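Atoms considered below: every heavy atom in the structure, side chains included; atoms not considered: hydrogens, waters and symmetry mates. Given the structure is predicted, the values throughout are model-derived calculations rather than measurements.
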Amino acid sequence: MALLEAVGPASLRCCLARRRQPGERWVIASGLPSPQVPMRVSRLMLVTLRDDPAEAEIPSHKLLLRAGYIRRIGSGIYAYLPLLWRVLQKISAIVREELNGAGALETLLPQLQPAELWQRSGRWAGYTAGEGIMFHLEDRQGRALGLGPTHEEVITALAADLLRSYRQLPVNLYQIQTKFRDEIRPRFGLMRGREFIMKDGYSFHADEACLKQSYAAMDGAYRRIFSRCGLRAVAVEADSGAIGGSASQEFMVTAEAGEDLILASADGSYAANQERAVSVPAEVAPLVAGPRAGGAGDPLVTPGQSSIEDLCAAHGFEPGQIVKVLLLLARFEDGVQQPLLISLRGDQQLNEVKLVNAVSARCSAAHGTVLEIGPLTAEAADKEGLGPIHFGFLGPHLADAVLTGARSWQPRFLRLADSTAAGLASFVCGANSLDTHQLGATWGGLCPCPESLDLRAAQPGDRCLHDPSQVLQASRGIEVGHIFQLGRKYSAALDATFTNEAGVDEPLWMGCYGIGVSRLAQAAVEQHHDANGICWPTAIAPYEVIVVIANAADPVQVALAEQLYTDLLGAGVDALLDDRGERAGVKFKDADLLGIPWRVVVGRGAADGEVELVQRAGSRRQDLTAAQLLPQLLPQLEAECRGLVPA
RNA sequence: CGGGAUGUAGCGCAGCUUGGUAGCGCACUUCGUUCGGGACGAAGGGGCCGCAGGUUCGAAUCCUGUCAUCCCGACCA
């Protein structure tokens, strides 16, 4: 501490003292026991790799493996090594701080969950059968159990048990815990694991207005969390998927390697996941000569022209003047297989998420969850015992009669049309016979227009609904958070009710809120790295400073480094000492690879009391006297941890 | 599950076409010289060539099956 005495200014001492205050915000944010525990690289079980492991594809996955943060144990199953565990702890600490500040309560729920709870919510079959993602097992009594992929069922059962009166509401509970999901395809290291760490939270309310308030509070907390973690994240409108409910919003870390496509307006007022995005469709020129022959259209000979491109090339149509028909097959929880006939404008693509939602809305009451929707292929139709279907020449007037004799399918199509197709005054479509189309067909003339709704995928370049002068732009994102207004879906299913002010029982209003903690750590690497390795944002770095002894055989360097290291720890800094006997170059390379935000090199200048300070991101370096180090570094670290200075 | 690829030392790879008992770089151990950006030299240790069958005097190599991993699609924090 002699060095500190020497540095002088009262403001600095104040700052140092604050760093050690147990109750201080950013000491808590370190998430680690204080005072800081010494750690030397020689004792860290650090194994860094020079070559990229063949199994890794994207930069963050390669770097986490190379720098010794993770090891693969099985497909989608990773060991979090000590360095990564510190990162995860720091992220968790920030999450806790923001959520506690927003009035949420931390709890811990069981991972082993009885099937019965899931059967009551109606999700057991959907989550375990077919492409379901829940690992499940039987105990010695033959009772079915699942490993929790999420906790709506458990928390709602608890709420049903504990929440009785509007006087107890609202409440907001969260946990940080390992989740299990039997992903169809685990990918990219921690990005999509079968076992991963998630913060999940659930809120309960007496009415929808209160739910919306908590949802807004969580929105704010999430924005602060990602910002404090040093991430550039955007909030986008999202599909609610299997979780259900009404409004939902995803938080995306923008990165090339992201699995999701984000569509956003340049003015920033609209952003959505492509699964959800809406837009103004492109205008299409009317078909020359308009409707024909009472609206059924004229036959047009189109030998071998089974694609939109062929048709346009041969006859000079625009794709948007054609109605294309997709035959699909939906499989439901109760085993029913429902053929679908979807009409789309030729220049549009089907959005499968919108389709699944539309089909669920129409059929789930009768048949349960949609397990899958896939193409209705010629082979499948053949197996089913149907007559020939002229794929490539289909029109929306294809009669239900083609389904007669089906062995296991429903005998009638569910017919839906995207509104762009429904809006065409006259169009070209298949004639349902080989090598023939209809030219100048109209709805009503050809066949009644099917139920019309939004089924098309919005595309980059489409005009925006909120302001048609704006255009949707594409970027890629990693989903690190998702918040939902669940409404009363689970509370009604699990009979979680409370007594309202009027003395009447009604289902609780619910919200739910998730953050992928382990995914967030990797997303941070994806966003913060360079050719030499990781550049952690200071707030979530495993250590804030690494002290490197350039030549561990030089007792002068060792003594000064040990002194500075002790001083840093004493000042509450998370510091690491590289005491290895390696050559200096090796230690510099490793320090870059590990991505510790600040490096203090004790080397040739040690005899004169001089050290070098290097910032990892940007590699800015400066020479300092040992006495200048702490006064310089401490305010900087504090600012970075508070997110005041971009790392 | 459909499509594609790969399994040889801890990591990255060669060898396979044309069968003859396994090799390179990095890492690891020891010694010496080096010592501020992944040093050099010398000497070592480490492999049921994914697994199981088959063909053959003989299989990393040819054949069959199987398992695992990775990439593209459905799933999602």
| said: Between A:Arg187 and B:C70, is there a contact of a side-chain N or O with OP1 or OP2 at under 4.0 Å? | reply: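 Answer no for this pair, as no side-chain N or O of A:Arg187 is under 4.0 Å from OP1 or OP2.
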Item to check | B:A77 phosphate, OP1 or OP2, under 4.0 Å from A:Thr150 side-chain N/O | outcome: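 No, no such contact exists.
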Can you tell me how far [atom1] in [N] sits from the matching atom in [M], rounded to whole Å?
N: B:A43; M: B:G38; atom1: P; answer: 25 Å
N: B:U56; M: B:A74; atom1: C1'; answer: 47 Å
N: B:G45; M: B:C1; atom1: C1'; answer: 46 Å
N: B:C24; M: B:G15; atom1: P; answer: 15 Å
N: B:U8; M: B:A14; atom1: C1'; answer: 10 Å
N: B:C13; M: B:C71; atom1: P; answer: 14 Å
N: B:G47; M: B:G10; atom1: P; answer: 9 Å
N: B:G50; M: B:G7; atom1: C1'; answer: 6 Å

- [ ] For B:A52, give its Watson-Crick or G-U wobble partner with both distances under 3.5 Å, or none.
- [x]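 In the structure as shown, B:A52 has B:U64 as its Watson-Crick or wobble partner.
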Q | Pair partner, B:C26 [Watson-Crick or wobble, under 3.5 Å] | A |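 Looking at the geometry, B:C26 pairs with B:G10.
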Has A:Phe196 got its ring stacked on B:A77, by the test of a centre gap below 5.5 Å and a plane angle below 30°?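 Yes.
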Polar pair under 3.5 Å, donor/acceptor by atom type, side chain A:Arg192, base B:C76: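 Such a pair exists between side chain and base.
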Q. Who pairs with A:Lys324 by side-chain contact (heavy atoms from CB on, under 4.5 Å), at least two apart in sequence or on another chain?
A.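 Partners of A:Lys324 under the side-chain contact (heavy atoms from CB on, under 4.5 Å) test: A:Ile308, A:Leu344, A:Gln349.
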Atom pairs under 3.5 Å, N or O on each side, protein against nucleotides 10-12 of chain B: can you list them with distances?
residue	atom	partner	partner atom	Å
B:G12	OP1	A:Ala54	N	2.7

Please tabulate the protein-to-nucleotide N/O contacts below 3.5 Å involving nucleotides 28-35 of chain B, giving atom names and distances.
residue	atom	partner	partner atom	Å
B:U34	O2	A:Arg583	NH1	2.6

### Task
Please tell me if the side chains of A:Trp536 and A:His528 come closer than 4.5 Å, counting only heavy atoms from C-beta onward.
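Contact flag for A:Trp536/A:His528 side chains = no.
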*Got a sec, which pairs hit side chain to side chain donor-acceptor pair (under 3.5 Å) with one end in residues 184-198 of chain A, sequence neighbours left out?*
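For residues 184-198 of chain A: A:Glu183-A:Arg192, A:Arg187-A:Glu259, A:Arg192-A:Glu259.
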Partner set under ring-ring contact (aromatic ring centres under 6.0 Å, His included) for A:Phe251, not counting sequence neighbours: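 Testing A:Phe251 for ring-ring contact (aromatic ring centres under 6.0 Å, His included), a comparison that skips the adjacent residues, returns A:Tyr222, A:Phe226.
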Listed by chain and number, what are the ring-ring contact (aromatic ring centres under 6.0 Å, His included) partners of A:Phe332, not counting sequence neighbours?
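With neighbours one apart ignored, the set is A:His367.
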Expressed as a whole number of angstroms, how long is the span from A:Glu479:CD to B:C75:C1'?
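Those two atoms, CD and C1', are 11 Å apart.
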**OP:** Find out whether the Lys NZ or Arg CZ of A:Arg519 is both under 6.0 angstrom from the six-membered ring centre of A:Phe196 and within 45° of the ring's axis.
**Re:**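 No, a cation-pi geometry is absent between A:Arg519 and A:Phe196.
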Q) Checking A:Arg86 side chain against A:Pro82 main chain: does a donor-acceptor pair fall under 3.5 Å? A)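 Checked: no pair found.
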Can you work out whether A:Thr48 or A:Gly193 has the more 5'-proximal nearest nucleotide on RNA chain B?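 Its nearest nucleotide lies further toward 5', so the answer is A:Thr48.
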